[in-house]
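Side-chain atoms are counted along with the backbone in the values below, which use heavy atoms only and exclude waters and symmetry mates. Here the structure is a predicted model, which means the values were calculated and not measured.
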Amino acid sequence: MSSTFPPVRACLFDMDGLLINTEDIYTKCASIVLEKYGRPPLPWSVKAQMMGIPGSSNGDTFHKWAQLPISREQFKQEQTEQQRIYFPECQPLPGVQQLMKDLKTAANADGYPVQIALATSSGKGNVDMKTQSAATKALLELIPLEHRVLGDDPRVLHGKPSPDIYLRALQSINEALPDGVPRITPQECLAFEDSVIGVEAGRRAGMRAVWVPHPALLQEYKGKEAEVLAGRIGLVPIGNEEQLGQPGDGWAEQLPSLENFPYAKYGIIPQSS
C-alpha cells in the first residue's frame, strides 16, 4: 500500500463509543442484569472482545463468561428493558459536535466538499433509542439520511470486521454526487472508530482510519496499538488477510479524543479556519 495520501474527501463514522457515550451505558445495562443473578459486573477484558461485533452483547463470548441461569432470550429481554431506560440519556462525546459542524461545511485541499456518512453496527431501533436527546438528535441530523448505513441494512451482507458496511457507506455517498464529479475512492476516505474490530473493517475497506478508544479499552491493548491500527488483532478471523495493513504503515492513527482534530494532516480545510 502507498503511504502518500490524497486529501480526504469523505469521513465515515462509527457511532457507539465514538460519537456518543453508549459504551458505558451498554456496560451499565448488562451489569444491572448480571447483578440481579448474582454475577459480577461486565469487565473490560470481556467487553473488549465484543465491541463493534453485531449482536455481541447477547453472543457467545458474553454468555461463555457470564454463565447466567437464564436463557439468552430472557437476558436479551431484560437487557433491552434497561437499555430503554438508559439509552435516551446518551450524549455526544467530547469534540464530536464541533468536528461534525466543521466537516459539514469543509472542503479538502483540492476544493471538493468533504462528505460525511454513518457506518454503525447498531440497528434502527437502537439508533432511535440512542438519539432521543436534543444533542444526539441534532448530531445525527448533520449526516444526510441517505448516507446513514445501519447494522440491519439488508445491503450489508457481513458485519464488521468485514469491510462491507464502510464500502456501502462510500457507495451511498458516490451515488449522491452530482454528474461530472469524480467518484470518491476508498483511499480518499477516513474511517473513524473506537473499536478494534471497527478499525479492522476500515482498513479492510482500503481506507485510512482514526482510532479513538475508550481509556479502559486502550488499557486492554497496551503494547498492541500498532497491530490495532494495522487491523491485525484478529478477534474474528475472516480470512482475506491481503486486505489488512502493516504496523507503522501510516494508514491509521490513534487519538485520545475528537477534540482539536488535526484537519491539516488530512488535507481538510474547515470554513472557519
*Asks:* Look at the rings of Phe192 and Phe261 and say which category their plane angle falls in: under 30° parallel, 30 to 60° tilted, over 60° perpendicular.
*Replies:* tilted
*Asks:* Answer yes or no: is there a donor N or O on one side and an acceptor on the other, between the side chain of Lys124 and the main chain of Asp152, under 3.5 Å?
*Replies:* no
*Asks:* Backbone N or O of Pro41 within a donor-acceptor pair of the Ser31 side chain at under 3.5 Å?
*Replies:* no
*Asks:* So, the side chain of Gln219 versus the backbone of Pro215: is there a donor-acceptor pair under 3.5 Å, distance only?
*Replies:* no
*Asks:* What I'd like to find out is whether the side chain of Val127 reaches to under 4.5 Å of the side chain of Thr120, using heavy atoms alone.
*Replies:* yes
*Asks:* Would the distance check show the side chain of Ser56 and the main-chain N or O of Gly59 forming a donor-acceptor pair, the cut-off being under 3.5 Å?
*Replies:* no
*Asks:* Please check if the distance between the ring centroids of Phe87 and Tyr26 is under 6.0 Å.
*Replies:* yes
*Asks:* With no hydrogens and no angle check, just 3.5 Å: does a side-chain donor-acceptor pair link Ser122 and Lys130?
*Replies:* yes
*Asks:* Check for a donor-acceptor pair, side chain of Asn108 on one end and backbone N or O of Ile268 on the other, with a separation under 3.5 Å.
*Replies:* no
*Asks:* Run the side chain to side chain contact (heavy atoms under 4.5 Å, CB included) check on Lys265 and Phe5 step by step: do they pass?
*Replies:* CA-CA 10 Å; Lys265 180 174 183 177; Phe5 303 104; over 6 Å; no
*Asks:* Please tell me if the side chains of Leu19 and Leu139 come closer than 4.5 Å, counting only heavy atoms from C-beta onward.
*Replies:* yes
*Asks:* In sequence, state the C-alpha distance, the side-chain angles, and the governing distance for Asp164 and Arg155, and then conclude on salt bridge (charged side-chain N to carboxylate O under 4.0 Å, His left out).
*Replies:* CA-CA 9 Å; Asp164 293 19; Arg155 300 171 300 177; over 6 Å; no
*Asks:* Give the cluster check for Ile143 versus Leu103: same hydrophobic cluster or not, with ILVMFWY residues linked at side-chain heavy-atom distances below 4.5 Å.
*Replies:* yes
*Asks:* For a 4.5 angstrom cut-off between non-hydrogen side-chain atoms, does Pro163 reach Gln243?
*Replies:* yes
*Asks:* Determine, step by step, whether Ile25 and Cys90 satisfy the side chain to side chain contact (heavy atoms under 4.5 Å, CB included) criterion, reporting the C-alpha distance in whole Å, the side-chain angles of both residues, the deciding distance to 0.1 Å, and the verdict.
*Replies:* CA-CA 8 Å; Ile25 296 175; Cys90 290; 3.7 Å; yes
*Asks:* Does any non-hydrogen side-chain atom of Gln79 lie less than 4.5 Å from one of Ser57?
*Replies:* yes
*Asks:* Could you give the distance from CD (Glu175) to CZ (Arg183), rounded to the nearest 0.5 Å?
*Replies:* 9.5 Å
*Asks:* Do Gln77 and Glu73 have a side chain donor and acceptor closer than 3.5 Å?
*Replies:* no
*Asks:* Given side chain to side chain contact (heavy atoms under 4.5 Å, CB included), test Arg39 with Leu68 step by step and report yes or no.
*Replies:* CA-CA 8 Å; Arg39 302 293 293 136; Leu68 286 164; 3.7 Å; yes
*Asks:* Between Arg9 and Asp110, does any side-chain N to carboxylate O distance fall below 4.0 Å?
*Replies:* no
*Asks:* Report yes if some heavy atom in the side chain of Tyr86 is under 4.5 Å from a heavy atom in the side chain of Ile32; otherwise report no.
*Replies:* yes
*Asks:* Could you check whether Arg208 makes a cation-pi contact with Tyr266, meaning its NZ or CZ is under 6.0 Å from the centre of the six-membered ring and within 45° of the ring axis?
*Replies:* no
*Asks:* Find out if a path of hydrophobic residues (ILVMFWY) with successive side-chain heavy-atom gaps under 4.5 Å connects Ile116 to Val212.
*Replies:* yes
*Asks:* Would you mind reporting whether Asp60 and Arg72 have side-chain heavy atoms less than 4.5 Å apart?
*Replies:* yes
*Asks:* Contact between Leu170 and Pro186 at the side-chain level, heavy atoms closer than 4.5 Å - yes or no?
*Replies:* yes
*Asks:* How many angstroms lie between atom CG of Leu12 and atom SG of Cys189, to the nearest 0.5 angstrom?
*Replies:* 5.0 Å
*Asks:* Please determine, by modelled atom types, if Glu193 and Tyr166 share a side-chain donor-acceptor pair under 3.5 angstrom.
*Replies:* yes
*Asks:* Shortest non-hydrogen contact from Val199 to Ala209?
*Replies:* CG1-CB, 4.4 Å
*Asks:* Could you please spell out the steps behind the salt bridge (charged side-chain N to carboxylate O under 4.0 Å, His left out) verdict for Glu200 and Arg204?
*Replies:* CA-CA 6 Å; Glu200 181 180 338; Arg204 284 181 177 275; 2.8 Å; yes
*Asks:* Quick one about His63 and Asn58 (side-chain donor to acceptor, distance below 3.5 Å, no hydrogens or angles considered), yes or no?
*Replies:* yes
*Asks:* Nearest 0.5 Å please: distance from the CG atom of Leu93 over to the CG atom of Leu99.
*Replies:* 12.0 Å
*Asks:* At what distance, to the nearest 0.5 angstrom, does CG of Leu177 lie from CD of Gln115?
*Replies:* 5.5 Å
*Asks:* In terms of side-chain heavy atoms, does Glu78 have a donor or acceptor partner in Tyr37 at a distance below 3.5 Å?
*Replies:* yes
*Asks:* Taking atom types as modelled, find out whether Gln132 and Asp128 have a side-chain donor-acceptor pair closer than 3.5 angstrom.
*Replies:* no
*Asks:* Donor-acceptor pair, Arg203 side chain versus Gly231 backbone, under 3.5 Å?
*Replies:* no
*Asks:* After noting the C-alpha distance and the side-chain angles of Val196 and Met51, does the key distance pass the side chain to side chain contact (heavy atoms under 4.5 Å, CB included) rule?
*Replies:* CA-CA 8 Å; Val196 170; Met51 287 177 62; over 6 Å; no
*Asks:* Taking Glu23's backbone N and O only, do any of them form a donor-acceptor pair with Thr27's side chain (distance below 3.5 Å, no angle check)?
*Replies:* yes
*Asks:* Measure the spacing between OG1 of Thr22 and CE of Met129 and express it to the nearest 0.5 Å.
*Replies:* 11.5 Å
*Asks:* Kindly compute the distance separating CG (Leu150) from CD1 (Ile165), expressed to the nearest 0.5 Å.
*Replies:* 7.5 Å
*Asks:* Please determine, by modelled atom types, if Thr185 and Gln187 share a side-chain donor-acceptor pair under 3.5 angstrom.
*Replies:* no
*Asks:* With side chains defined as the heavy atoms from C-beta onward, is the minimum distance between Trp211 and Glu253 less than 4.5 Å?
*Replies:* no
